[in-house]
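Here's the structure, in structure tokens; my notes come after.
We're numbering straight along the sequence, starting at 1. FYI, side chains are in, hydrogens and waters are out, and symmetry mates aren't considered; it's all heavy atoms of this structure. Remember, it's 1-based here, ligands and their atoms both numbered in the order they're listed.
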Amino acid sequence: MAENNPHHGFGVDIGGSGIKGAIVDLSTGELVSDRFKIKTPQPATPDAVAEVVRTLVDMAAWDGPVGITVPAVVRGHIARSAANIDSSWIGTDVLALFSHHLDGRAVSVLNDADAAGIAEVELGDEEAKRGAVLLLTLGTGIGSAMLYNGTLFPNTELGHLPFGDTEAEKWASSAVREREDLSYKEWGRRVDQVLHRYSALFSPDRFIIGGGVSRKFDKWSQHLTVEQPVAAAQLRNQAGIIGAAIAARDGIQP
Ligand code: BGC
């Protein structure tokens, strides 16, 4: 049905807690179906997750190409890391996996933060296209998309930057705020420290913050002291779904 409209695509965003999918109008970035969401199965093995993706596609009655984000490095069709999903993803051919579970249809599979970066450049913040931009997704982990004049350097994984005796995402992700019951002030200061570190290492012109907590940006952005402008992603938490759908349309496959 819906794929008769050439501007429509389908994106799925696989996260540590939920798997979300929707039909996207790729000329505007609007979701034109419900946003279907199913809890991430535990253990989040490749086959269990791919079956959920299949269910979401069926719920939306979509039978065109499907773009899928994973919270992992994807290079040459192969997942090469697995920080917040089952370790059996490492070495999995993600193209073969999803195309098998989706009866051979065309799929694109890429890192979740990279997808958010691609979406924000095309349909979100105009400033995402200019200069050196670091887009960070704060969720179960911290994802990163490094952009220069709108071009993505894929798989940067800055959430794993060593930080004190831990790593950035174990100190300042959104999940850490919930787990440690931090106030927005306490947590905002942690995010600020992480941004200072990224600033010292990469000197971006701008930071863009995505992930669920970007919707609550006003509650914590006053605690940021880094010199660069920091903005909430205009596509908010839908950026991953939208970027996945763009990747499927363009046949992007890292
Ligand atoms: C993963 C990244 C992912 C990020 C956000 C990290 O733990 O290593 O690949 O982009 O979480 O989901």
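- Every atom of ligand 1 with a heavy atom of Ala83 under 4.0 Å away is listed here by number and element: 7 (O), 8 (O).
- Taking every heavy atom of Gly143 and a limit of under 4.0 angstrom, the matching atoms of ligand 1 come to 4 (C), 5 (C), 10 (O).
- Residue-to-ligand polar distances keep Ser81 apart from ligand 1: every N/O pair is separated by 3.5 Å or more.
- The heavy atom nearest to atom 2 (C) of ligand 1, considering only Glu169, Glu157, His160, is found in Glu157.
- Residue Asn111 has at least one heavy-atom neighbour below 4.0 Å for each of these atoms of ligand 1: 2 (C), 3 (C), 9 (O), 10 (O).
- With Thr28 contributing its side chain and Glu30 its backbone, the two residues share a donor-acceptor pair below 3.5 Å.
- With a 4.5 Å cut-off on side-chain heavy atoms, Arg189 and Leu224 do not count as touching.
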For Phe163 and Gln193: C-alpha separation, side-chain torsions, deciding distance, then whether side chain to side chain contact (heavy atoms under 4.5 Å, CB included) applies.
CA-CA 10 Å; Phe163 200 84; Gln193 287 176 294; 3.8 Å; yes

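- Set against the non-hydrogen atoms of Ala72, the atoms of ligand 1 under 4.0 Å away are 9 (O).
- Close to ligand 1: Ile142, with a non-hydrogen atom less than 4.0 angstrom away.
- Residue contacts with ligand 1 do not include Gly139, since none of its heavy atoms lies under 4.0 Å from the ligand.
- Relative orientation of the Tyr198 and Phe207 rings is tilted, given thresholds of 30° and 60° on the angle between their planes.
- When only modelled atom types and interatomic distance are considered, Gln253 and His77 share no side-chain donor-acceptor pair under 3.5 Å.
- Salt-bridge formation is detected for the pair Lys129/Glu126: a Lys NZ or Arg NE/NH1/NH2 atom is positioned less than 4.0 Å from an Asp or Glu carboxylate oxygen.
- Looking from atom 12 (O) of ligand 1 to the surrounding protein, the closest heavy atom is Asp112 OD2, 2.6 Å.
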